Amino acid sequence: MKYFLFLISLTASLGLGFVDLTEEGRKVRQAQSSEVDNCKKVGQGTATTRSKRVFFKRRSGNVQEELIGLARNEAAKLGANAVVPDEIGEDGKMKWSGYLCN
């Protein structure tokens with residue numbers, strides 16, 4: 001039983017992280033820079049999450065998904081309805097820009 005509980009806690013600490021989108025964040029879509037040519041830029045920011053859990057590097061897809069979620073939530077606070085990742089680093093950081101499109 002103790003071994004089973006240890007395995008569950010180890011698995012949870014290795015990277016089952018996720019970002020819950022807020023209600024407003026769900027309304028913000030991820031876009032490409034070519035899609036926002038006729039939109040108004042309302043702000044920019046940096047999203048940060050852990051790229052490692054304990055001693056293990058997390059899958060880049062999981063890290064990127066969390067970064068996009070964080071960016072969408074923050075862009076919604078600025079009044080944006082589209083977010084464009086500007087620069088995604090391997091260290092769990094992403095620069096993004098928020099846009100208001102019609």
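Remember, it's a predicted structure, so these values are computed and weren't measured experimentally. Quick note: residue numbers are just sequence positions, from 1.
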(Q) Would you say that more than 12 heavy atoms from the other residues, nucleotides or ligands in this model lie under 6.0 Å from the CG of Asp37, or not? (A)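 More than 12 within 6.0 Å, yes.
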Q: Check whether more than 12 heavy atoms from other residues, nucleotides or ligands sit under 6.0 Å from atom NZ of Lys40, and answer yes or no.
A: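 Atom NZ in Lys40 is not packed in, count stays at 12 or less.
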Q.
Check this for me: does any side-chain nitrogen of one of Lys27 and Glu24 sit under 4.0 Å from a carboxylate oxygen of the other?
A.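 Looking at Glu24 together with Lys27, the answer is no, because their closest N to O distance does not fall below 4.0 Å.
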Where [X] and [Y] come nearest, the two heavy atoms and their spacing:
| X | Y | result |
| --- | --- | --- |
| Met94 | Leu67 | CE-O, 3.5 Å |
| Leu70 | Ala47 | CB-CB, 4.0 Å |
| Asn73 | Gly25 | OD1-CA, 3.6 Å |
| Ala82 | Val36 | CB-CG1, 4.4 Å |
| Ser97 | Asp86 | OG-OD2, 2.5 Å |
| Gly43 | Leu78 | CA-CD1, 3.9 Å |

Would you indicate whether the side-chain heavy atoms of [Y] and [X] approach each other to under 4.5 Å?
| X | Y | result |
| --- | --- | --- |
| Pro85 | Ile68 | yes |
| Leu100 | Cys39 | no |
| Trp96 | Glu74 | yes |
| Arg72 | Leu21 | yes |

Q) So, does Glu35 use its side chain to make a donor-acceptor pair with the main chain of Gln32 at under 3.5 Å? A)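 Yes, because the side chain of Glu35 sits within donor-acceptor range (under 3.5 Å) of the backbone of Gln32.
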**Q.** Name of the residue among Lys93, Glu66, Glu65 meeting side-chain hydrogen bond (donor to acceptor under 3.5 Å, both in side chains) with Thr49
**A.**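 Considering Lys93, Glu66, Glu65, a side-chain hydrogen bond (donor to acceptor under 3.5 Å, both in side chains) with Thr49 is found only for Glu66.
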Q) Can you get from Val28 to Tyr99 by hopping between Ile, Leu, Val, Met, Phe, Trp and Tyr side chains that sit under 4.5 Å apart? A)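 No, separate clusters.
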